[in-house]
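Have a look at the structure below, then the notes.
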Amino acid sequence: METKRDFLKKLGLLTVGGVVAGSVNPLQAAVSNAKAGGKSIGLQLYSLGRELSADVPAGLKKVAEIGYKTAELAGYGGGKFYGSEVADFKKIAADAGLKITGSHVNPPVRKYTAENKAEVAEFWKKAVDDHAKLGVITLVQPGMPTIDSHEDAAIVCEVFNKAGEIAKAAGIKWGYHNHSGEFKRVVKPEDKEKATNPWSQAGDIVYDLLLNGTDPKLVFFEMDVYWTVMGQQDPLDYFDKYAGRFPVLHIKDRSVLGQSGMMNFENIFNRAYKNGLDEFYVEIEGIKTGMTQFEGVKQCFDYLNKASFVK
Ligand code: MG
């Protein structure tokens, strides 16, 4: 009869000294992590793509087993969360041992106008109601509305403030998440001759117009640090200039965190904590061939979990 020892040997898990370090059951690892307190590292679930949608309950369990404590959703639509009614989804998350603290939601219109701003507000009322039942702390718009002028930016700020007001009434913080497009400039008609292209120094950076045009009591900014760098800006400058506006971050790199060499996460965390960082979510895209999304998500967790600059 095959002994347990033979079986482990076959798997390559047994050395002369016993079980190889690192071959610990992931669930045990998660439990010991939780027992030890551990760091509160969050995951934007968009990172998992179809590997999550294939089996949401099992996927959320895996996320918790890796060691993530919180998650930000990217699966709200038609009043449901990843296809489940709110009560069912709440149970799925609770069973997985994952705290759902945030959610990304885009309104159905891209270009805001005086005519459709009431419709957008109605959308947020419903989204806020559904998310209040789920019990999230933050609700975030991840997609950029059309902004080609100062007038566009002004109406976007008005719509954002209104969304923030609706969310605040339900005890939820409302925020905006950027990509790189927010770092283009818009130019007033009288300054047009100074602008040779959208990246010229003439005009105003859209992101600054949004920061300056929204009420800090109603709208926060979930900066995606990778997209800010891709927009040719330094996240640290923004943390200093707009202290307190970035309580939540997306920690992202070109692929696995810390591998591209283009992101100085130590400086980012140090400066962000100094200026009011409460929470952050890992996000990963651009996974290399031969690696699953879950493997990429685990490597990102390990990087931050080991990093002395992450509290
Ligand atoms: Mg992001």
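This chain uses plain numbering: 1 for the first residue, then up along the sequence. One-based numbering, in listed order, for ligands and for the atoms of each.
- Under the side chain to side chain contact (heavy atoms under 4.5 Å, CB included) test applied with Ile284, the options Asp253, Val256, Leu257 reduce to a single match, Val256.
- Under the 30°/60° scheme for interplanar angles, the aromatic rings of Tyr238 and Tyr207 are found to stand perpendicular.
- The Mg ion (ligand 1) has an N, O or S atom of Asp224 inside 2.8 Å of it.
- Closest approach between the Mg ion (ligand 1) and any N/O/S atom of Glu283 involves OE1.
- No more than 12 heavy-atom neighbours from other residues, nucleotides or ligands sit within 6.0 angstrom of OH on Tyr46.
- Distance check for His250 against the Mg ion (ligand 1): an N/O/S atom falls below 2.8 Å.
- Using a cut-off of 4.0 Å between Lys/Arg side-chain N and Asp/Glu carboxylate O, Lys184 and Asp148 are scored as salt-bridged.
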